[in-house]
Q: 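The structure is given below, and queries will be raised subsequently.
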Number of protein chains: 2
Amino acid sequence: MSPPATTPPRRADARRNVAAILDAAQECLIRDPEATVAQIAQAAGVGRVTLYGHFATRTELVDAVFERVTAQADTMLAATDVSGDPMAALARLVTANWQVVHRFRAVLAAAERELPPARVRGHNDRHLRRLTALLARGRAEGAFRTDLPEQWLATTAYTLMHAAAHECAAGRLDPVGAGVALTATLTAAFAPPPPPGAPGGHGT
Amino acid sequence: MSPPATTPPRRADARRNVAAILDAAQECLIRDPEATVAQIAQAAGVGRVTLYGHFATRTELVDAVFERVTAQADTMLAATDVSGDPMAALARLVTANWQVVHRFRAVLAAAERELPPARVRGHNDRHLRRLTALLARGRAEGAFRTDLPEQWLATTAYTLMHAAAHECAAGRLDPVGAGVALTATLTAAFAPPPPPGAPGGHGT
DNA sequence: CCGATCTCAAACAGCCGTGTTCGAGTTATG
DNA sequence: CATAACTCGAACACGGCTGTTTGAGATCGG
């Protein structure tokens with residue numbers, strides 16, 4: 001039989017190595033979703049064979065990292081309060097969610113690339129649902145616009161989070177400014193459009 | 001020596017094949033940015049060797065397709081009128097630009113993946129500049145918000161165009177609805193935020 | 001301190017993609 | 001129609017990645 005991949009290793013150093021591998025894999029996949037098993041092993045300070053001793057397959061490793069990351073993400077999001085004024089709740093949720101995207105974007109990209117779609121959906125939908133729930137409530141209360149599909153609003157939010165993360169990674173935006181820009185943009189984009197007879201300049 | 005890759009082929013059928021290859025490559029790369037040379041050759045109804053006779057390298061082929069696509073994109077965008085009321089001009093530019101993204105997103109992804117970054121920047125910046133120019137003018141005229149970096153507004157616009165294209169490709173949005181949603185969202189997101197003492201319900 | 005557990009380098013097999021060579025066959029074109 | 005231009009399938013070399021085997025050695029843990 002192969003060494004225990006599902007059963008936790010018996011010896012302390014083995015368990016330590018598994019942890020090191022997961023750490024290294026997460027870090028490597030964040031830098032490059034196509035990172036090689038060899039690269040990950042080296043980053044973990046471990047032989048390639050040892051890695052295969054703990055994770056039979058590259059896919060299995062990615063899956064483990066994905067599991068780990070979603071757990072961390074859940075922790076970061078669980079604390080967010082989505083009650084009260086929808087617009088304020090949106091700002092809170094977006095701020096928290098953006099941090100998650102900022103950190104784990106690349107890992108999710110790797111997961112989406114080589115894990116069965118259903119696997120990713122399951123974990124992802126949970127986060128999405130928190131947003132759509134807030135969206136639905138806010139629309140019912142008249143705090144958010146209802147002239148566009150809910151689906152599109154959710155897409156807008158997530159897309160802009162990814163964009164902010166990307167800009168941040170490229171050094172064109174600092175994390176603080178990104179948070180500000182995100183909430184300002186989404187607040188404006190989600191507010192109900194003023195009726196035709198609004199005050200102010202109207203053009204011709 | 002190698003067959004004429006830079007010099008156009010002398011014979012009619014050869015020129016026809018080059019065209020077929022470019023067509024097939026464009027189509028294949030749109031479906032999958034990692035499409036194989038073999039797949040492209042087959043789609044073009046041509047032997048792999050023949051393809052290599054006209055394009056010494058996969059990179060060279062991608063470059064040619066990229067060249068072609070940017071030319072088409074330029075044509076589609078050149079006609080857009082960006083004068084007049086900034087908000088209306090934005091709507092026009094976004095609608096036109098979105099069509100481009102909708103069609104060629106995947107090819108650009110392929111190009112970004114395996115062409116020297118400078119190559120892509122050059123052609124891309126031209127389109128970007130049209131938007132930023134409009135942005136600058138609109139901000140100066142008070143039609144667009146100035147409380148966020150211009151860079152961020154541009155990113156927002158392009159990101160949402162890509163998102164709309166993606167939603168469209170996934171069948172969750174029809175092209176018409178996408179255009180509407182895009183302009184509605186960007187119009188709201190780019191408008192100057194109302195000063196603190198605005199009318200309407202304010203909560204608590 | 002001894003044995004079970006774990007590590008590891010080297011080397012191998014298999015797959016897949018790129019790019020090249022060869023030799024024979026086809027087709028345009030003057 | 002004859003020749004230069006072009007096409008094509010098969011086969012090869014090359015490199016990279018995955019996953020496996022082997023056998024010797026290090027290390028934990030009772």
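Here is the naming used below: chain letters follow the sequence lines, and residue numbers restart at 1 for every chain.
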Q: Below 4.0 angstrom, N of the basic side chain to O of the carboxylate: do D23(B) and R68(B) qualify?
A: yes
Q: Quickly work out the E60(B) CD to dT18(C) C1' distance and round it to whole Å.
A: 14 Å
Q: Rounded to the nearest Å, what distance is computed from the CZ atom of residue F55(A) to the C1' atom of nucleotide dT20(D)?
A: 18 Å
Q: Give a yes/no answer on whether the side chain of H54(A) brings an N or O atom under 4.0 Å of OP1 or OP2 in dC6(C).
A: no
Q: Please compare E34(B) and V46(A) by the position of their nearest nucleotide in DNA chain C and report the one closer to 5'.
A: V46(A)
Q: Measure the spacing between CD of Q72(B) and CZ of F104(B) and express it to the nearest 0.5 Å.
A: 4.0 Å
Q: Find the distance Q42(A):CD to dT7(C):C1' and express it as a whole number of Å.
A: 16 Å
Q: I'd like to know whether R113(A) forms a salt bridge (charged side-chain N to carboxylate O under 4.0 Å, His left out) with E34(B), so could you lay out the CA-CA distance, the side-chain angles of the two residues, the decisive distance to 0.1 Å, and finally the verdict.
A: CA-CA 12 Å; R113(A) 168 183 305 251; E34(B) 302 182 37; 3.2 Å; yes
Q: Enumerate the protein-to-nucleotides 25-29 of chain C contacts in which both atoms are nitrogen or oxygen and the separation is below 3.5 Å.
A:
residue	atom	partner	partner atom	Å
dT27(C)	O2	R11(B)	NH1	2.8
dT27(C)	O2	R11(B)	NH2	3.2
dT29(C)	OP1	A12(B)	N	2.9

Q: If the condition is salt bridge (Lys or Arg N to Asp or Glu O under 4.0 Å), which residues does R92(B) pass it with, not counting sequence neighbours?
A: D81(B)
Q: Atom pairs, N/O to N/O, protein against nucleotides 19-22 of chain C, distance under 3.5 Å?
A:
residue	atom	partner	partner atom	Å
dG19(C)	OP2	R58(B)	N	2.8
dG19(C)	N7	R48(B)	NH1	3.1
dG19(C)	O6	R48(B)	NH2	2.9

Q: Side chain of E60(B), backbone of T57(B): donor and acceptor closer than 3.5 Å?
A: no
Q: Taking atom types as modelled, is there a side-chain donor on W98(A) or T183(A) under 3.5 Å from an acceptor on the other?
A: no
Q: Below 4.0 angstrom from OP1 or OP2 of dT7(C), is there any side-chain N or O of N17(A)?
A: yes
Q: Which of parallel (below 30°), tilted (30 to 60°) and perpendicular (above 60°) describes Y158(A) and H162(A)?
A: tilted
Q: Under 6.0 Å from the CZ atom of R121(A), do we count more than 12 heavy atoms belonging to anything else shown?
A: no
Q: Among the nucleotides dG17(C), dC8(C), dC6(C), which one has an atom lying closest to any side-chain atom of T50(A)?
A: dC8(C)
